[in-house]
Number of protein chains: 2
Amino acid sequence: MKDVATLAGVALKTVSRVVNDEPGVSDATAVRVRTAIERLGYRRNESARVLRSGRTASIGLVIEDVADPFYSSLNRAVEDVATKHGSLVLSGSSAEDPVRERELVLTFCSRRVDGLIVVPAGFDHDYLLPELQAGIVTVFVDRPAEPGLDVDTVLCDNTGGARLAVGHLLAHGHRRIAFLGDSPSIFTARERLHGYRRALTAAGLAPDEHLISMGPPDRARVAFELDRMRALPDPPTALLTGNGRLTVATLRAFAGATSPRLALVGFDDFELSDLIVPGVTVIAQEPARLGRTAAELLFRRLFGHDGPPEHLRLPTHLITRGSGEIPPH
Amino acid sequence: MKDVATLAGVALKTVSRVVNDEPGVSDATAVRVRTAIERLGYRRNESARVLRSGRTASIGLVIEDVADPFYSSLNRAVEDVATKHGSLVLSGSSAEDPVRERELVLTFCSRRVDGLIVVPAGFDHDYLLPELQAGIVTVFVDRPAEPGLDVDTVLCDNTGGARLAVGHLLAHGHRRIAFLGDSPSIFTARERLHGYRRALTAAGLAPDEHLISMGPPDRARVAFELDRMRALPDPPTALLTGNGRLTVATLRAFAGATSPRLALVGFDDFELSDLIVPGVTVIAQEPARLGRTAAELLFRRLFGHDGPPEHLRLPTHLITRGSGEIPPH
DNA sequence: GGCCGCGCTGACAACGTTGTCTTTGGGAGC
DNA sequence: GCTCCCAAAGACAACGTTGTCAGCGCGGCC
């Protein structure tokens, strides 16, 4: 910058003004400065700018895994909104580990991001309090913060989605409907289980704990649980899987088994769900919409909005493709 | 930091030493400083640190789309390597737009990333020259830089993969093998086409231009081209698709059509390729390995390695699942 | 006892910007 | 011709660190 100023024969501050399109520079001077910038290949040092002015024009995004299709769609939606506002996205994978989540958030904060979008992995977000007080706007998405932390939150209607799924299976004549959910430590898994239970109860059926299994979405566990349920005296005729990975694991187990398939509704849509035979009936969320909504909430606050924290629920919808319409055998 | 120093009764520099684990601080003083840090909730301002010391501990990653499964796997692999080295990843989607690519790269540079990993969308990377000279280490991945720019590059063996695919189809008796590739502006599409041609020629068959179609992977175009080829007097009995998106579009076209399926080998593996019937035979690349290799190359240079630019080719391999073993009809 | 060296600590400048305040020059108005 | 004002431009400090060098006290060695 000093070199540019020297070459253009002006003071530092004038170069700064030109670079930032500030008023108070004559056209002739501006042209001279711009020429000098071009000649020297000058580019502003963002760190210095941040140091002086506070704004980093970047936001942090903590998701479970940047490679997971659900979260990578969310990531892309956040990126698009951020780009529209001239901001950059720092994203990191928490791998469902509270310690890693905390590390990522604190790293982002020490780099003075303007705001944070977090899919929380842990329960305890006390470590965020000083940051929030320091003015780092935070939005939780997909899962809420611990109850004590009242911040903007964008969730999907998990309970409603699960009830929709169970209702669909009930309408096709099923009475023995199993639920295969993710670990109960995960908020969405608990909510979906809750919706499943409520839908059964509302239909006058008592949930059968033998037909419920919660745990990580690995293939071995899924195959084991399906075998166990099938061996019951009164086995299930239908199944609701609690997220995309569980649905895929279930499909693999189905493909490897000889017994007839259960009717299946999966939570989360996924690519190629329509190309499998039969097509997989799903409760679709819109990850991109989750991300977009969260990002818009964030930027609204960054641009000065100062209302009370919002708690949004995005709708889910049923997409029938065949697997959920198999009758009970 | 000043407050911490005051509270601990030491000088600024001593706090700095404690924060950075530098030697030359007695245990007693260090404890006092650490207590003060805890009490005040102090966290180092990364911008100031960068301004002073130059190192940002962050790298920039430009890919086509953070939501694409291929590139998001690559992203994750880069993130893992970066985390291991205490670095953060800034990632952005170029959306196959050279202008956006340039913007992203320059934005990353103005934030003084230590290095760049780029999947180039454009041809012209002259804009990178000043940055390279300014010492920003760059690695190209998946596609090379323009010929004039001699930097570390990690590619996949596109030609070999395509030859492997064609060889497989030839071995199953096919003689009329079509190629459906992405836009010829994309390097990998050209290389794969080249491999396809060479494999046919090597087998004594003349490539038939009517059986070759290059263009964007949208469903309408793919369906149109397949119809066109099928209407030929001597239609293809087998098909090689040039990337994951084209394979998926082809499968959708197959599902919507009444005519018998062609034998199919797809470039790129994708989730659920095994659950479709018949399973999709593919030429698998390893996006995670591409990302990991590129990141390791980058960090090796950041840690001082100073050899000549490397040009790596990662192998591809054939995974047979059924679709590629359909005999000619 | 004097000198040297070493471990610990501190003072100060510098990194590249931008915010604030001041200076300069020229034109309009009386 | 003088004053006033305004646009343009500049001087300077400050942002929060870290690198450099200097200082201080203490123990060991001659």
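- How far OG of A/S58 is from CG of B/L90: 8.0 Å, rounded to the nearest 0.5 Å.
- On the nucleic acid side, DNA chain C has its first and last nucleotide under 4.0 Å of a heavy atom of chain B at C/dC8 to C/dG16, going 5' to 3'.
- The salt bridge (charged side-chain N to carboxylate O under 4.0 Å, His left out) test applied to B/R300 returns B/E310, not counting sequence neighbours.
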Tabulate protein N/O versus nucleotide N/O from nucleotides 4-6 of chain D, keeping only pairs under 3.5 Å, one per line.
none

For this session: Take B/Q285 and B/D142 through the test side chain to side chain contact (heavy atoms under 4.5 Å, CB included) and record every step on the way to the result.
Result: CA-CA 10 Å; B/Q285 311 184 56; B/D142 189 47; 4.3 Å; yes

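- Taking all atoms of both residues into account, the shortest heavy-atom contact from B/I59 to B/S87 is CG2-OG, 4.4 Å.
- Of the residues in residues 5-16 of chain A, those lying under 4.0 Å from DNA chain D by heavy-atom distance are A/G9, A/V10, A/A11, A/K13, A/T14.
- Helix bend of the helix from C/dG1-D/dC30 to C/dC30-D/dG1: the angle between its two end axes, each built from five pairs, comes to 60° after rounding to 10°.
- Counting non-hydrogen atoms of other residues, nucleotides and ligands closer than 6.0 Å to CZ of A/R39 gives a total of 12 or fewer.
- Atom CZ of A/R102 sits in a sparse spot, with 12 or fewer heavy atoms from other residues, nucleotides or ligands closer than 6.0 Å.
- If you check residues 48-60 of chain A against DNA chain D, the residues with a heavy atom closer than 4.0 Å are A/L51, A/R52, listed by number.
- To the nearest 0.5 Å, atoms CG (B/D114) and CG (B/L302) are separated by 5.5 Å.
- Applying the side chain to side chain contact (heavy atoms under 4.5 Å, CB included) rule to A/D80 yields the partners A/R76; only residues at least two apart in sequence or on another chain are considered.
- For residues 22-35 of chain B, proximity to DNA chain D is found at B/E22, defined as any non-hydrogen atom under 4.0 angstrom from a strand atom.
- A/S183 and A/S185 share no donor-acceptor pair across their side chains, judged by distance under 3.5 Å alone.
- B/D182 CG to B/F187 CZ: the interatomic distance, rounded to the nearest 0.5 Å, is 14.0 Å.
- Checked options A/T29, A/V4, A/V19; the residue passing with A/T14 is A/T29 (criterion: side chain to side chain contact (heavy atoms under 4.5 Å, CB included)).
- In this structure B/E46 satisfies the salt bridge (charged side-chain N to carboxylate O under 4.0 Å, His left out) test together with B/R44, B/R49, sequence neighbours excluded.
- Listed by chain and number, the residues in a salt bridge (charged side-chain N to carboxylate O under 4.0 Å, His left out) with A/R112 amount to none (sequence neighbours excluded).
- With sequence neighbours excluded, no residue satisfies salt bridge (charged side-chain N to carboxylate O under 4.0 Å, His left out) with A/E79.
- With a 4.5 Å cut-off on side-chain heavy atoms, B/L74 and B/L61 count as touching.
- Taking a 6.0 Å sphere around CG of B/D27, one finds it holds 12 or fewer heavy atoms contributed by other residues, nucleotides or ligands.
- B/R44 comes within 4.0 angstrom of sugar-phosphate atoms only, judged by non-hydrogen atoms across all strands, and of no base.
- Residue B/F108 holds its CZ atom at 11.0 Å from CD1 of B/I136, rounded to the nearest 0.5 Å.
- The structure places CD of A/E64 at 4.0 Å from CD of A/E96, a figure rounded to the nearest 0.5 Å.
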Collect all protein-nucleotide pairs involving nucleotides 24-27 of chain D in which both atoms are nitrogen or oxygen and the distance is under 3.5 Å.
none

